[in-house]
Amino acid sequence: MGVTKNISFSYLEFENADELPASDRELISTALNAAGLAYAPYSKFRVGAAVRLESGRMVHGSNVENAAFPSGTCAERTALAAAVSNFPDDSPVAIAITAITENGDIAESVSPCGNCRQVIAEEETRRGKQIRIILCMKKKIRVIESISLLLPLQFNMNSLRQDPPSQ
Ligand code: THU
């Protein structure tokens with residue numbers, strides 16, 4: 001008989017951005033601007049992400065779709081790839097994510113997809129620094145202290161290194 005193991009996690013939820021520190025509000029507004037720059041003619045779901053680096057710098061990105069659907073890229077990965085490739089020594093410490101729907105409203109629900117969680121987790125693991133996830137939705141803002149909470153039991157570089165080398 002197996003043993004039941006539980007995983008639970010807590011996050012903060014705010015009704016209003018005014019309750020957040022100024023640097024988070026700035027990150028959200030950068031993500032919102034980035035959503036407006038998205039190329040999403042197929043889904044019409046324009047996503048924006050803004051990464052805060054340890055130095056304080058912000059790097060934004062949006063989803064970039066393609067007629068060949070799998071070739072499109074999510075906003076989170078666009079922003080992170082830009083941050084990591086342009087500022088390789090500056091660790092990401094937070095990412096704000098938001099989206100604009102077809103009717104121009106901020107989306108009711110926003111959450112990074114599985115692929116993006118894995119990519120955010122790579123940065124968190126390799127740098128040993130938590131990345132705060134700020135999800136800005138129409139009626140609420142969620143703040144999650146680490147991507148590991150959104151990707152429990154994750155496969156990462158430590159999973160590859162667990163066996164001693166064979167002689
Ligand atoms: N998308 C993102 O950019 N980020 C997410 O976390 C979820 C989905 C994009 C991909 C696609 O361009 C559109 O939203 C609809 O799935």
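Residue numbers start at 1 and run along the sequence shown. Numbering of ligands and ligand atoms starts at 1, following listing order.
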*Which ligand 1 atoms, with their elements, are less than 4.0 angstrom from a heavy-atom of P112?*
6 (O)
*About how many Å separate CG of L32 and CD1 of I106, when rounded to the nearest 0.5 Å?*
4.5 Å
*At what distance is the nearest protein heavy atom to atom 4 (N) of ligand 1, and which residue and atom is it?*
E76 OE1, 2.8 Å
_Can you tell me how the ring of F9 sits relative to the ring of Y11, calling it parallel under 30°, perpendicular over 60° and tilted otherwise?_
tilted
*Could you tell me whether the side chain of I28 reaches within less than 4.5 Å of the side chain of L20, counting heavy atoms only?*
yes
*Decide yes or no for S10 and L149: does some side-chain heavy atom of the first lie under 4.5 Å from some side-chain heavy atom of the second?*
no
*Got the closest protein heavy atom to atom 11 (C) of ligand 1, with its distance?*
E65 OE2, 3.3 Å
_Distance-only polar pair, side chains of S91 and R126, donor-acceptor under 3.5 Å_ = no
*How long is the span from the CZ atom in R52 to the OG atom in S23, to the nearest 0.5 Å?*
5.0 Å
*Can you pull out the closest protein heavy atom to atom 10 (C) of ligand 1? Residue, atom name and distance to 0.1 Å, please.*
C74 SG, 4.0 Å
_Nearest neighbour in protein (non-hydrogen) for atom 9 (C) of ligand 1_ = N63 ND2, 3.5 Å
_Heavy-atom proximity to atom 7 (C) of ligand 1, best of S111, C116, A75_ = S111
_Determine whether any protein heavy atom is located less than 4.0 Å from atom 16 (O) of ligand 1._
no
*Does an N or O from T73, backbone or side chain, lie closer than 3.5 Å to an N or O of ligand 1?*
no
*Atoms of ligand 1 less than 4.0 Å from V47 heavy atoms?*
1 (N), 2 (C), 3 (O), 4 (N), 9 (C), 14 (O)
*For C113, take its heavy atoms, then give the atoms of ligand 1 lying under 4.0 Å from any of them.*
6 (O)
*State whether the number of non-hydrogen atoms from other residues, nucleotides or ligands found under 6.0 Å of E15 atom CD is greater than 12.*
no
